[in-house]
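First the structure, in the form of structure tokens, and then the observations on it.
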Amino acid sequence: MIIEIQDDFDLQKIADSGQCFRFNKCGDGYSVVAGNQYLFIKDVSGDSGVETDIIIGASGDKDDKNILGGRYELSCNKKEFEAFWKNYFDLNSSYSDIRSLIDKAEDEYLYNASEFGQGIRILQQDPWEMLISFIISQRKNIPAIKASIEKICALAGHKIAVDAEGNDVFSFPTPKELSKLTVAQLSGCSLGYRDKYVYQAAQDVVSGAVNLESWKEIDDDALMQKLLALYGVGVKVANCEILFGYHRLDAFPKDVWINKVLDSQYPQGFLFDKYKPYNGVMQQYLFFYSRTNGAETT
DNA sequence: AGGCAGGTTCTTA
DNA sequence: TAAGAACCTGCC
């Protein structure tokens with residue numbers, strides 16, 4: 001099916017934004033895996049004569065907005081799109097509106113970062129998948145994180161598709177599936193010392209001691225406390241989980257890159273009050289910009 | 001070959 | 001309560 005998006009949307013930037021690990025260039029499009037769902041999505045903005053099934057983000061004053069959208073071909077049908085992928089891509093929110101909160105004169109660095117990162121969205125991902133992914137992420141670079149996750153999926157998940165390059169695609173294991181792996185098997189997925197953290201998380205969720213679903217109902221502070229109590233979860237991973245797993249857009253994970261930006265560009269402090277409740281979106285722009293250009297860039 | 005990477009835990013004061 | 005060391009693995 002074909003969708004037209006009239007809001008910030010850039011597949012490459014989303015894939016590179018560090019919030020997802022199973023969203024990769026594949027053939028002439030992108031392979032996206034979330035839980036046990038597989039999607040192939042391709043930019044067809046340049047193709048003429050394709051009929052659009054759904055238009056997203058249409059609004060009366062769109063000509064006034066600075067928007068980076070396009071037309072996309074998706075491997076799912078309309079029903080699957082409405083039921084899952086529309087929310088996954090957070091297409092009910094306007095990221096151009098969020099960007100417009102930034103005042104160029106007041107906060108030029110963030111303004112530049114947001115122009116550069118225009119097209120990034122915060123995906124609505126699954127709390128379980130994000131928890132495991134970000135536990136694994138500690139002290140690892142992105143390629144290493146992705147490699148570990150793929151090994152885990154191949155070992156404990158199940159085959160759900162074949163991607164555009166002919167590779168088997170495996171689901172992200174459910175808590176039950178993952179809990180069946182031994183620490184040694186997890187270690188074999190190149191988890192290093194994180195193997196025991198992942199093992200414990202799976203056991204806790206399967207036993208019911210931890211109920212990630214029920215945590216959707218509790219407030220931000222309580223959620224943070226619950227997450228920090230988990231083995232192998234500190235402040236940074238907890239914030240990633242709150243932002244990417246629970247889609248609470250004010251969470252502001254501070255990793256080494258963001259800390260460099262805050263130190264070098266915001267000695268007087270970042271304007272957290274101003275951007276509330278979207279600080280997490282700003283964090284993504286800063287992160288993407290600094291990773292690409294270096295924190296010293298003005 | 002030694003250091004370091006998108007942190008957290010464990011140990012020590 | 002706070003600073004420092006240790007930690008797997010992979011890649012400079």
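Chain A is the first sequence line, chain B the second, and so forth, proteins listed ahead of strands; every chain is numbered from 1. Just so it is clear, the model here is predicted, and its values are computed rather than measured.
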Consider the side chain of A:Y231, meaning its heavy atoms from C-beta on, and name the nucleotide among B:dT8, C:dT9, B:dC10 that approaches it most closely.
B:dC10

Would you indicate which nucleotide in C:dT9, C:dC7, B:dT9 comes nearest to any side-chain atom of A:S190?
C:dT9

I'd like to know if A:E177 pairs up with A:K180 as an ion pair, taking the criterion as any Lys NZ or Arg NE/NH1/NH2 lying under 4.0 Å from an Asp or Glu carboxylate oxygen.
no

Salt-bridge present (A:E108, A:K104; N to O < 4.0 Å):
no

In the structure I gave you, are the side-chain heavy atoms of A:I122 and A:Q284 within less than 4.5 Å of one another anywhere?
yes

Could you check whether the side chain of A:Y193 and the base of B:dG7 have a donor-acceptor pair of N or O atoms closer than 3.5 Å, going by distance alone?
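Indeed, a donor on one side and an acceptor on the other fall under 3.5 Å apart.
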
Could a donor-acceptor pair under 3.5 angstrom be found where the side chain of A:R194 meets the base of C:dC8?
yes

Nearest-angstrom distance from the residue atom [atom1] of [X] to [atom2] of [N]:
X	N	atom1	atom2	value
A:I135	B:dT9	CD1	C1'	13 Å
A:L191	C:dC7	CG	C1'	14 Å
A:K260	B:dC4	NZ	C1'	11 Å

Can you say whether the rings of A:F172 and A:W128 are parallel (under 30°), tilted (30 to 60°) or perpendicular (over 60°)?
perpendicular

Which part of the nucleic acid, if any, lies within reach of A:L230 when heavy atoms closer than 4.0 Å are counted: base, sugar-phosphate only, or nothing?
sugar-phosphate

Across the strands shown, which category fits A:G18 at heavy-atom distances under 4.0 angstrom: base, sugar-phosphate, nothing?
base

Sticking with atom P, work out how far C:dC8 lies from B:dT11, rounded to a whole angstrom.
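Straight-line distance between the two P atoms is 13 Å.
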
For A:C240 and A:V233, find the nucleotide of DNA chain B closest to each by heavy atoms; which residue's nucleotide sits nearer the 5' end?
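By nearest-heavy-atom nucleotide position, the 5'-most residue is A:C240.
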
Using the rule that two of Ile, Leu, Val, Met, Phe, Trp, Tyr join whenever any of their side-chain heavy atoms come within less than 4.5 Å, decide whether A:L11 and A:L39 are in one cluster.
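Shared cluster, yes.
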
Please, what dot-bracket string fits DNA chain C when only Watson-Crick and G-U pairs with both distances under 3.5 Å count, crossing ones use [ ] and pairs to another strand use |?
|||||||.||||

